[in-house]
2 protein chains.
Amino acid sequence: MTRATSRRPGGRTARNTAAVLEATLAELGGSGYADLTVERVAARSGVHKATIYRRWGGVDELLAAALEQADHDSWTPPDTGSLESDLRALGEEVAAGFSSDDEEGSVATATIAAAFQSPAAAEALRAFMEERLRRCAEVVERAERRGEVPEGTDAAEVVRAAVAPVYFRLFISREEGAGQAAARAARVAAEAAKAGEFRGSPPGR
Amino acid sequence: MTRATSRRPGGRTARNTAAVLEATLAELGGSGYADLTVERVAARSGVHKATIYRRWGGVDELLAAALEQADHDSWTPPDTGSLESDLRALGEEVAAGFSSDDEEGSVATATIAAAFQSPAAAEALRAFMEERLRRCAEVVERAERRGEVPEGTDAAEVVRAAVAPVYFRLFISREEGAGQAAARAARVAAEAAKAGEFRGSPPGR
DNA sequence: TCCCTAATGCGACGGAAGTTGCACTATGAC
DNA sequence: GTCATAGTGCAACTTCCGTCGCATTAGGGA
């Protein structure tokens, strides 16, 4: 959508967009968010910095665009046979993804950081997480079809309960053991879901 | 501890420390983390910027020192009579504290943001949250004494389960309704604790 | 193929962030 | 009281970030 309003979406513009976003991801993976700068992205991509400032506006918007791109991937939640183990796999995936230094984890971590400083990044993160939660609903819906959980279970809320403790340890309390936390959170969330604690939409909806 | 290694902890040095940290908090409350800069703190506090750079090193370390100071406050967890309502009050306090623009919430939010960029800030945040979790254990211990939850319940883990979804909505998924989420998370955590799901230390300890 | 102009490249500029050397002040030991 | 020096103030300096005006290039309609 970045170029939806453009009058010349083809050729060089498209090439520049690709080069810049790719360079952004590479810089993130290499140096992290703290050292992410427009000048470095410009140098790596071969696109002039003035162009980047004009088209995106700054580092945070650049990051938002990169995340938006990542949003269009083909990720699907795990399917292991039971709600609890699906949730556990999900949580462990989160813990592993953010802990590792691979590109995907770096982008996500950087965006969480950037969201504190830029409305554009915050919005990009919100949209990304919304989409992820939407896809994760599948996990709960399968459980519902299996009869594991009652009908009308708020799928997103179950997933939130399962993964929130992992994120909490990673970025809020900054503790070790996010991976182990996934198992317990998954169990608690699954049990609560079976007991019908997550039935119906939350009050504020 | 900032001045523990100093050879001249008294007089002007102490006054400067107080003035700088107070100015840091004031700047945070007024303009937020994104606009927090050493120069502005220097101007507000009346301490020269070179001094601040020499003593702390940068904005993030400044913030870490301010949080460390806040760590020594007299905060205690709510005591409402039951585990679930205590946890709910706790979660709502978190949601309200971070949403509001008061000074305390600003410092905590800013530190979470700074923790992504500076090891010093990350460590300060970790220590702060550790202390908060330690104080919150009281809530679960009271419930244990009342017989609400089985003996040997991992208090910190119960609290994490109760507040993590609130933090998740605030800073990760960036959704609305963090306050409402507190109620459901508190209920789920309390029920799980009663069922003994949080008995014993987690595996990775 | 031609041509208008959107998009980019380029270099210079203003300003803010952070550093450094030097002089001075005030602390705390004696 | 005196004195060595830790700590601070000051100002100049170096980078780096972001912006701007203008020249140049290339997309895409004719």
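Letters A, B, ... mirror the listed sequences (proteins, then strands); counts begin at 1.
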Looking only at side chains, do Ser173(A) and Glu175(A) share a donor and an acceptor under 3.5 Å apart?
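Note: Ser173(A) and Glu175(A) side chains meet the donor-acceptor criterion.
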
Output yes when at least one side-chain N/O atom of [X] is less than 4.0 Å from OP1 or OP2 of [N], else no.
X: Asn16(A); N: dT8(C); result: yes
X: Arg55(B); N: dT8(D); result: yes
X: Thr37(B); N: dA16(C); result: no
X: Thr13(B); N: dG7(D); result: no

So for atom [atom1], which belongs to [X], do other residues, nucleotides or ligands contribute more than 12 heavy atoms lying within a distance under 6.0 Å?
X: Glu191(A); atom1: CD; result: yes
X: Glu176(A); atom1: CD; result: no
X: Glu144(A); atom1: CD; result: yes

Between Phe171(A) and Phe98(A), is the gap from one ring center to the other below 6.0 Å?
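Yes, the ring of Phe171(A) comes within the 6.0 Å limit of the ring of Phe98(A), centre to centre.
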
Quick check with a 6.0 Å cut-off and a 45 degree axis cone: is Arg174(B) positioned over the face of Phe116(A)'s six-membered ring?
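Pair Arg174(B)/Phe116(A) counts as cation-pi.
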
Enter the inter-axis angle for the ends of the helix from dT1(C)-dA30(D) to dC30(C)-dG1(D) (five pairs per end, rounded to 10°).
40°

Length of the line joining Arg40(B):CZ and dG18(C):C1', which is rounded to integer Å:
17 Å

Output the rounded distance in Å from OH (Tyr53(B)) to P (dT20(C)).
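Tyr53(B) atom OH is separated from dT20(C) atom P by 12 Å.
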
Let's test your reading of the model: under 3.5 Å, does the base of dG9(D) pair with the side chain of Arg54(B) as donor and acceptor?
yes

Tabulated below should be each protein N or O lying under 3.5 Å from an N or O of nucleotides 12-15 of chain D; please produce it.
none

Arg142(A) and Asp79(A) ion-paired at < 4.0 Å
yes

N-O pairing of Glu138(A) and Arg145(A) below 4.0 Å
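Yes, this pair counts.
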
Closest approach to the side chain of Arg15(A), judged atom by atom: which nucleotide of dT8(D), dG18(D), dG27(D) is it?
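Within the option list, the nearest is dG27(D).
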
